[in-house]
Amino acid sequence: MKKWWNWILTFALLCLLFVAIPLSYSGGRSKEELRPMFEEYVKKYNKSYFNNSAEYETRFEHFVASVQEIDELNSRSRGPEQYRAKYGLTHLSDMSKIEFQELHLADEQPHRRKDSHRSRKPLLTMSNLDDKDKYETEKDKSAPISSHDNIYIIIRKERAAASLPLQIDWRSKGVIGAVKDQGLCGACWAFSTIGAMEAMAAISTGKFQPLSVQEVIDCAGLGNSGCAGGDICLLLDWLTMTKAVVETDKEYPLKLTNGACVLNKNATGVRVKSFTCDDFTSAEDKILALIATHGPVAVAVNALTWQNYLGGVIQYNCSGSPKDLNHAVELVGYDLTADVPYYIAKNSWGPSFGLGGYIHLAIGANICGLANEVASVDVTV
């Protein structure tokens, strides 16, 4: 009897401890200790729910979860300090993970849109960052990317074959347009592909001119569904098959919503002459060669852990599995001279996100799945 009594007392004491001690967040800070930080966050980003108490509290819960994730990801960063990926509060930090996925990561759907009855894959969560299948590739467990032998193999092989430059940044050549914000329109597939077409047209003519993303949002078929999602390669396939002319952004301005298609066959603009769409998961040297000798490329990626990205080079905690691809970006350059060699990726979440709208992704380990679907394009102006 005495033994059972001791168990009951122990259980009761544990219950009292959980009642007395507040749940802690991020390095011992309690939830309420984060409230002043949230108040500053709401003011900084001019959030519309400031006077809506119900939504305010809901957003505060999401904010607390983001702070937890930020601390977790920062604690896992490794390598030289100046190149580590850095995570912090962004304009997306008050979204739940499910909301973030539904609004920003449901737009790039590689070769899946043809089957409209296909069941939706389960939403991933950040509840367990130790799940290697979701958040890390096998290469994540090895030494930092800066010492990966394959980086130096890539450099030697490509420099010998094609005099590959150690650094390329197409922005400096005046062929890359301003970073745009796709807002609630799931059309990253259109922004990244049109961005690559703009660059190739500018390389050809020596003059940059913004092209219409809205035109392909409204018109592209073959499995593409406007603001509901699409695929970079299916878009290029559709543009090739239809010989559609992509007009300038001025002629067909961006509205960030699905609209009626207006194709002007007599318009002056840019056509797709040819394109490639390849899996380079074991041959990232070919991505570097394309960027250096041809021009920017559009790629499908997994952006699950990008919600609170501030800067640095993403090297870890970003699955490269093709089943996790959910977004698309434009690779506009690379730097092989850095301690952690990286690609320069142009995103479509506005210029206030990341590094002026850009993200640095490590070279050589299929980080975030960037090598699974790589599209390059040639155009007729």
Side-chain angles (χ1 to χ4, degrees), residues 101-121 180-200 210-249 251-265 267 269-279 296-303 322-330 346-349 369-370 372-379:
Q101 288 179 274
E102 289 180 341
L103 294 180
H104 293 284
L105 303 184
D107 42 357
E108 171 61 23
Q109 302 166 352
H111 308 301
R112 294 188 287 115
R113 294 294 301 179
K114 288 183 179 180
D115 183 2
S116 61
H117 300 292
R118 185 185 294 270
S119 60
R120 185 175 183 176
K121 64 180 181 179
K180 296 180 180 178
D181 189 345
Q182 68 185 69
L184 301 182
C185 177
C188 66
W189 55 279
F191 282 97
S192 55
T193 306
I194 293 299
M197 290 179 63
E198 289 174 340
M200 296 309 299
L211 296 177
S212 175
V213 175
Q214 189 65 44
E215 180 181 346
V216 296
I217 290 174
D218 292 347
C219 301
L222 206 64
N224 298 297
S225 300
C227 288
D231 175 61
I232 55 178
C233 295
L234 290 180
L235 172 55
L236 289 169
D237 202 7
W238 179 82
L239 287 168
T240 303
M241 291 172 60
T242 61
K243 296 182 171 60
V245 176
V246 179
E247 298 185 55
T248 65
D249 183 66
E251 293 170 323
Y252 204 135
L254 187 63
K255 296 180 180 178
L256 294 176
T257 185
N258 293 334
C261 175
V262 181
L263 280 180
N264 183 358
K265 293 184 179 180
V270 177
R271 282 190 175 93
V272 171
K273 180 180 180 181
S274 62
F275 75 95
T276 64
C277 189
D278 296 288
D279 179 343
V297 297
V299 298
V301 293
N302 163 25
K323 68 182 176 63
D324 294 333
L325 300 177
N326 49 36
H327 190 51
V329 295
E330 180 189 0
K346 181 184 179 185
N347 201 9
S348 52
W349 295 347
L370 63 84
N372 284 286
E373 185 175 26
V374 181
S376 66
V377 61
D378 283 299
V379 299

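Between the CZ atom of F275 and the OG1 atom of T240 there is a distance of 5.0 Å, given to the nearest 0.5 Å. Distance CG/L222 to CG/D237: 5.0 Å, rounded to 0.5 Å. Distance CG/N372 to CG/D278: 12.0 Å, rounded to 0.5 Å. Here CG of D231 is found 11.0 Å from OG of S225. Values are rounded to the nearest 0.5 Å.
At least one side-chain heavy atom of L236 sits less than 4.5 Å from a side-chain heavy atom of V377. Considering only heavy atoms from C-beta on, H104 stays 4.5 Å or farther from N326 through its side chain. C185 is listed as a side-chain neighbour of I217, based on a closest heavy-atom distance under 4.5 Å. Residues D249 and E198 have side chains not in contact (no heavy-atom distance under 4.5 Å, counting atoms from C-beta outward). Side-chain contact check for L256 versus L254: some heavy-atom pair is nearer than 4.5 Å. Residues L239 and V246 meet the side-chain proximity criterion, which asks for heavy atoms closer than 4.5 Å. Taking 4.5 Å as the limit, every side-chain heavy atom of Q182 sits out of range of all side-chain heavy atoms of C227. Put simply, the side chain of Y252 reaches to within 4.5 Å of the side chain of D218, judged on heavy atoms.
The two atoms that bring G259 and Q214 nearest to each other are N-NE2, 4.3 Å, heavy atoms only. Here the closest heavy-atom approach between residue E330 and residue A199 is recorded as OE2-CB, 4.2 Å. For the residue pair A375 and I232, the shortest heavy atom distance occurs at CB-CD1, 4.1 Å. Between K243 and R271, the shortest heavy-atom contact is O-NE, 2.9 Å. Here the closest heavy-atom approach between residue H327 and residue L105 is recorded as CB-CD2, 4.2 Å. Here the closest heavy-atom approach between residue A328 and residue C188 is recorded as N-SG, 3.3 Å.
With hydrogens and angles ignored, the 3.5 Å screen pairs no side-chain donor or acceptor of E247 with any backbone N or O of A267.
Listed by chain and residue number, T281 satisfy the side-chain hydrogen bond (donor to acceptor under 3.5 Å, both in side chains) test with D279 (two or more places apart in sequence, or in another chain). Listed by chain and residue number, nothing satisfies the side-chain hydrogen bond (donor to acceptor under 3.5 Å, both in side chains) test with S212 (two or more places apart in sequence, or in another chain).
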Go through the steps for V216 and I194 under the test side-chain contact (heavy atoms from CB on, under 4.5 Å), then give the verdict. CA-CA 9 Å; V216 296; I194 293 299; 4.0 Å; yes
